[in-house]
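One structure is given below, encoded as structure tokens.
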Number of protein chains: 2
Amino acid sequence: MAHKVVNIFFTEWYNILKITQMNEMTIETLAKKRGRPVAFDYETALEKAMHVFWQHGYEGASMSTLMSAMNMNKASIYAAYGSKEALFKKALERYVQGPASFLAASLAQPTAVAVVQLMLSQAAQMLADQSHPVGCLVTQGALACSAESAEIKTLLGGYRQTLERQLAQRFARAVSEQDLVATADPVILAKLVMTVHQGMAVQAASGATQAELFNVATMATQCIAQVYTLKASA
Amino acid sequence: MAHKVVNIFFTEWYNILKITQMNEMTIETLAKKRGRPVAFDYETALEKAMHVFWQHGYEGASMSTLMSAMNMNKASIYAAYGSKEALFKKALERYVQGPASFLAASLAQPTAVAVVQLMLSQAAQMLADQSHPVGCLVTQGALACSAESAEIKTLLGGYRQTLERQLAQRFARAVSEQDLVATADPVILAKLVMTVHQGMAVQAASGATQAELFNVATMATQCIAQVYTLKASA
DNA sequence: ATTATTAAATACCAATCGGTAAACAAATAC
DNA sequence: GTATTTGTTTACCGATTGGTATTTAATAAT
């Protein structure tokens, strides 16, 4: 009796820990799951799915392509991730916090020019990196997305708008810190930088190399620095 | 006998004229076509198809969407234009020589900055014009195009590359004319301008207004002008 | 009026789309 | 060993994809 209670306790504890994303292996030794064990790695398969969406966009990624890339049966995918839409959302989250995390991280740079320089140069490196699909999952999804999947479009648009707003706030701070000239419009400047970034994503998807994109990023950064900076920078 | 010969002559003449795009109405009074008359206007329907491809991309534009937009039966579309791919090529040609003709036309401006300024400001106006689908058909098709339709991808990439090369040549001329500073790299500068344009296309597809894009275009042009121009411009 | 010619409309094709119900397999609990 | 729980597999669902063969309709020539 006491044994059963303990087991139930461990099982529930296990589920809670699973939800809170803690390490499962340390727990499985305490409370083993009952049914047939899973034959795939959740995160590895999600990574594969991210790559498929990255390359083909949301609608362009067919279930059969996802199946073969994730090395999973269709029904298993649905059982594990819910639906194609839910799978995309999880893949997007992984993308934003993984390969695209440099975008938000760039905001922490001490000067506005350093923000732009880091953001665009890292974008050049990442967007044309041959070790994964070229281009940007968010930009890809923004265009390759018809009206029927409006929720995905809204999701992607929201991510872009959030980043653009954060960038504008960062530039506004730079103006108040006399890092940028007072005549610089933070909102327009943020939209310009985002525009260059999205254009670079298109270029990358069209086959531009890392070197080419880096040259574009450098030139864009120098232009902005020379026109809107008070103090001379590197 | 002689009458029949004359009629055959007119019929063949009519077909030749049709191929060479001359005015059909003036000929139809001379040699009427025999069978059931066509119930649609070739150019009007093509314009509608262009709008569909513009909005949805090549693969995103389904035949049923094209049918209802062109107000034509599917079989009629195939009879008139050949295939979906052929229809897209015709629509692309119409787009390049119509709504996107300002791009090539901008190259004729007297100075490099005037080229950039006209190109980007017209792009701002055109890309967010609500009287037709927003964004750029070429950019849209570049991203929303999977590997299976490689020919379309190549076609669109070729158009972009041609324009970029022409732009680089124009900037090279500007350097030789001492219109741009000698340190300006025409190839990179051309790629930067194309990148901004493509980024603006993404922004437009995401809902940016004409005013917002115009601000971005103006800021980008001013940056380039201030950094790479010898003589002071407006 | 009949025939020839041309175009439009209907119906259909195999293939694929996203998604699911039912059968099968592998593990633990008892 | 049997029951239970869970995951995988197979087969299937209706809808839609691009594309076509066949039938029907509308005109000119005879």
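Naming convention: chains lettered A, B, ... in sequence-line order (proteins, then strands); numbering from 1 in each chain. Values in this document were obtained by computation on a predicted structure and should not be read as measured data.
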Heteroatom pairs (N/O) under 3.5 angstrom, protein to nucleotides 13-17 of chain D:
{"unit_1": "D:dT17", "atom_1": "OP1", "unit_2": "B:Ser62", "atom_2": "OG", "d": "3.3"}
{"unit_1": "D:dT17", "atom_1": "OP2", "unit_2": "B:Ser64", "atom_2": "OG", "d": "3.2"}

Seminar exercise, completed: Which of A:Met194, A:His197, A:Lys191 passes side chain to side chain contact (heavy atoms under 4.5 Å, CB included) with A:Leu167? It is A:Met194
Exercise. Hey, which of these two, B:Pro37 or A:Val38, hits DNA chain D nearer its 5' end, going by closest nucleotide?
Worked result: A:Val38
For this session: For A:Phe40 and for B:Asn73, find the nucleotide of DNA chain D with the closest heavy atom, then tell me which residue's nucleotide is more 5'.
Result: A:Phe40
With rounding to the nearest 0.5 Å, note down the distance linking [atom1] in [X] to [atom2] in [Y].
{"X": "A:Gln203", "Y": "B:Thr139", "atom1": "CD", "atom2": "OG1", "result": "9.5 Å"}
{"X": "B:Ser64", "Y": "B:Lys74", "atom1": "OG", "atom2": "NZ", "result": "7.5 Å"}
{"X": "B:Met119", "Y": "B:Leu107", "atom1": "CE", "atom2": "CG", "result": "4.5 Å"}

Exercise. Residues in ring pair (Phe, Tyr, Trp, His ring centres under 6.0 Å) with A:Phe214, at least two apart?
Worked result: none
Exercise. Under the side chain to side chain donor-acceptor pair (under 3.5 Å) test, which residues partner A:Ser101, sequence neighbours left out?
Worked result: none
Problem set entry | Integer-rounded Å distance: D:dT9 P and A:Tyr78 OH | 17 Å
Exercise. Under 4.0 Å between a side-chain N/O of A:Ser76 and OP1 or OP2 of D:dG7, yes or no?
Worked result: no
Seminar exercise, completed: Picking from C:dT6, C:dA25, C:dT5, the nucleotide nearest the side-chain atoms of A:Arg36 would be C:dA25
For this session: For B:Ala39, report the nucleic acid contact type (base, sugar-phosphate, nothing); a contact means any heavy atom under 4.0 Å.
Result: sugar-phosphate
